[in-house]
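Just so we're clear, the structure is a prediction, and the values are computed from it rather than from any experiment. Below, chains carry the letters A, B, ... as their sequence lines are ordered, and counting in each starts from 1.
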Amino acid sequence: MEGMLEYRGTHSRPPDTDTSPWLRLAAPLQSCGRAGDLRLGRRLHARLVLSGAAAASAFLTNHLITMYSHCADVTSALRLFHAMPRPNLVSWTTLISGLAQNSMHADALAAFASMRRAGLAPTQFALSSAARAAAALAAPRPGAQLHCIGVRLGFDSELFVASNLADMYSKSGLLAEACRVFDPMPHKDAVAWTAMIDGYAKNGSLEEAARSFRDMKREGLVRADQHVFCSVLSASGWLKDGWLGRTIHCSVMKAGFDREAAVRNALTDMYAKAADMEDAARVLKVDPEGWTVVSATSLIDGYIETDRVEDALRTFIELRRQGVEPNEFTFSSMIKGCAMQALLEQGAQLHAQVIKTSIISDSFVGSTLLDMYACSHAGLVDQGLKYFNSMKDAHGIEPKEEHYSCIIDMYGRAGRLDEAEKFIHEMPVKPNAYGWCSLLGACRMRGNKELGEVAAQNIMELEPDNTGVHVSLSGIYASLGQWEDVKAIRKLMRDSRIKKLPGFSWVDANNKTHVFASEDWSHPQQEKIYKKLEELYERIKEEGYVPDTRFLPCNLEDAAKERILRYHSERIAVAFALISMPATKPIIVKKNLRICVDCHSALKFIAKSHHLSP
DNA sequence: GTAGGGTTAG
């Protein structure tokens, strides 16, 4: 600011070309933009106007546009741009990047198109900003056009252009295209690697994300930074691979990023997702900065997922004690926990707390609340309905498909199938497959064949590849003893070449993943596993476990049915984990199919008798 | 003079 004073009263005519005196005027604008100080920026602008310098110099106007963009005042940036008689290449480039920086991505793409219509060939700066906008929009069609322009102009392997193009493809889910841009890049930096690692992770290709991270380390040309670590930690969390996560935690510490808030959040979340709650809590405990709502929510959600609602509640209280406001993520986790444990009072209390905040207008929290009323107890249907009816008027939530599905589920669980059917007919939208699946599940529990068939028919139309629907339907017939219908379904499946997906279970033990199928005795330790399973079986039977053979679609003696259930893959996997791992380690079984009713019950007994969380 | 990436639910 002081520097500006000396320019005061400079009334000489500005030169036609952008020469050095104007360069000196630009410096204060630049630092102002970097600091995001809009007030100071406006004062500098006013002085430049008074001095007559700004209007005459495209150079200074470009700097002003940059300054306003950095200070998030896009309106002023646009006003300056539109007042320019002849915006030059830099003006356009600055505008496009300013729009992209301020999340006006569609406008950034439109500006890029206007620039080309104005007859200017884009610079690599303009191209990379436009690609960034296309990435943020996950818009592969305009993105691919940008890619073509880049190829034509020879910019397509420039660091910034290529990274943003790769990011654009990966955010659009086109990982193969992203690789085609990324692989031949002559120089890759941490940003480029983040685009790939995060692209894989967000598209569910978790192994690929981890492999990409290893590739980066193997090449040894780029050091991982906090962004890379966040992305790969997120992937290892979803992989539920605590061992990989722990290895990365070591690298994080070595690289000195363990004080970085976002990295700590990612670390907490990784451990929580891997069900390693002690380490998740430890990351927060040693945090000198105190908790963030993100990391505490990850911890809370981890406790909920491992059935430790008391610990979640304790964490929730501690969070408030620290003066951190819970957000919609925190509340939905807590409410989910109450639903799972049928903690009606706590659930209602949370509902009351949420009503006092703007979080109540969050559509997702809305579904979670409905889920809670649906799960917990038949008596709460009316409370759930009351809330559902108030969503729109009192809380400004327009009920969506997911909310209607919750109500179907709510009626179904309460056994009020007629009302569920009536509700479906009166809904303003048609139920989605999820809604019909809820209904089918309820019909199975209540042995309602007619309505179950309607639901199944609708699911088959909406999701022709859904093989589970046949299994559920034959479960209904089986529970009613209608073996002819069971046979008919089998024939239908044969004729339409639908195969029941075989169920598999994966479990990690000693840094190795083991896979099991049903009645699968191919594992080298089969004898020990079998013995353990028998032992578990005796024990839980003593503790009150009764096999539930109702839905098994085979017309066999009970003893034979029991035998089939007894060797479902998840039980073999758990028995194997119990004999191969120390008792303190969490056992995480990954499955390709939904767990069956009986395994769910048996595993709960096993967990209880081992003092584990299910 | 102008430019890019990351963490929490379903």
T268(A)-S298(A) side chain donor-acceptor pair, cut-off 3.5 Å: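 Distance-only check fails for T268(A) and S298(A).
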
Will you find, in the side chains of Q341(A) and D307(A), an N or O donor that is under 3.5 Å from an N or O acceptor?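 The answer is yes; a qualifying pair exists.
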
For the base of dG4(B), is there a side-chain donor-acceptor partner from D189(A) under 3.5 Å away?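 Flag set: donor-acceptor pair detected.
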
Does the base of dG5(B) carry an N or O that pairs as donor and acceptor with the side chain of D225(A) under 3.5 Å?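 Flag set: donor-acceptor pair detected.
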
Round to a whole Å and report the spacing from CZ of R34(A) to C1' of dG1(B).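 Distance, rounded to whole Å: 11 Å.
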
Rounded off to whole Å, could you give me the CG-to-C1' distance for the L369(A) and dG10(B) pair?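 About 14 Å, once rounded to whole Å.
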
Which donor-acceptor pairs under 3.5 Å do side chains of residues 190-199 of chain A form with protein atoms, sequence neighbours excluded?
from	atom 1	to	atom 2	distance (Å)
T194(A)	OG1	A190(A)	O	2.7
D198(A)	OD1	K202(A)	NZ	3.4
D198(A)	OD1	S231(A)	OG	2.9
D198(A)	OD2	K202(A)	NZ	2.7

What is the nucleic acid contact for Q101(A), judged by heavy atoms within less than 4.0 Å: base, sugar-phosphate only, or nothing?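 The residue Q101(A) makes sugar-phosphate contact but no base contact.
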
Whether the side chain of Q226(A) engages the backbone of A262(A) through a donor-acceptor N/O pair (distance < 3.5 Å, no angle test) should be reported.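 Between the backbone of A262(A) and the side chain of Q226(A) there is no qualifying donor-acceptor contact (under 3.5 Å).
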
One thing to verify: whether D279(A) and R246(A) come together as a salt bridge, which I'm taking to mean a side-chain N less than 4.0 angstrom from a carboxylate O.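 Salt bridge between R246(A) and D279(A), a charged N being under 4.0 Å from a carboxylate O: yes.
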
Could you pick out which residue, N265(A) or V161(A), lies toward the 5' side of DNA chain B when each is mapped onto its nearest nucleotide?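 Its nearest nucleotide lies further toward 5', so the answer is V161(A).
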
Using OP1 and OP2 only, check whether a side-chain N or O of R132(A) sits under 4.0 Å from dG5(B).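 So the side-chain polar atoms of R132(A) do come within 4.0 Å of the phosphate oxygens OP1 or OP2 of dG5(B), strictly under.
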
Partners meeting side chain to side chain contact (heavy atoms under 4.5 Å, CB included) with V286(A) (sequence neighbours left out):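 Listed in chain order: R264(A).
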
Quick one, which residues of residues 231-258 of chain A touch DNA chain B with a heavy atom under 4.0 Å?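 Output list: S231(A), S234(A), W238(A).
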
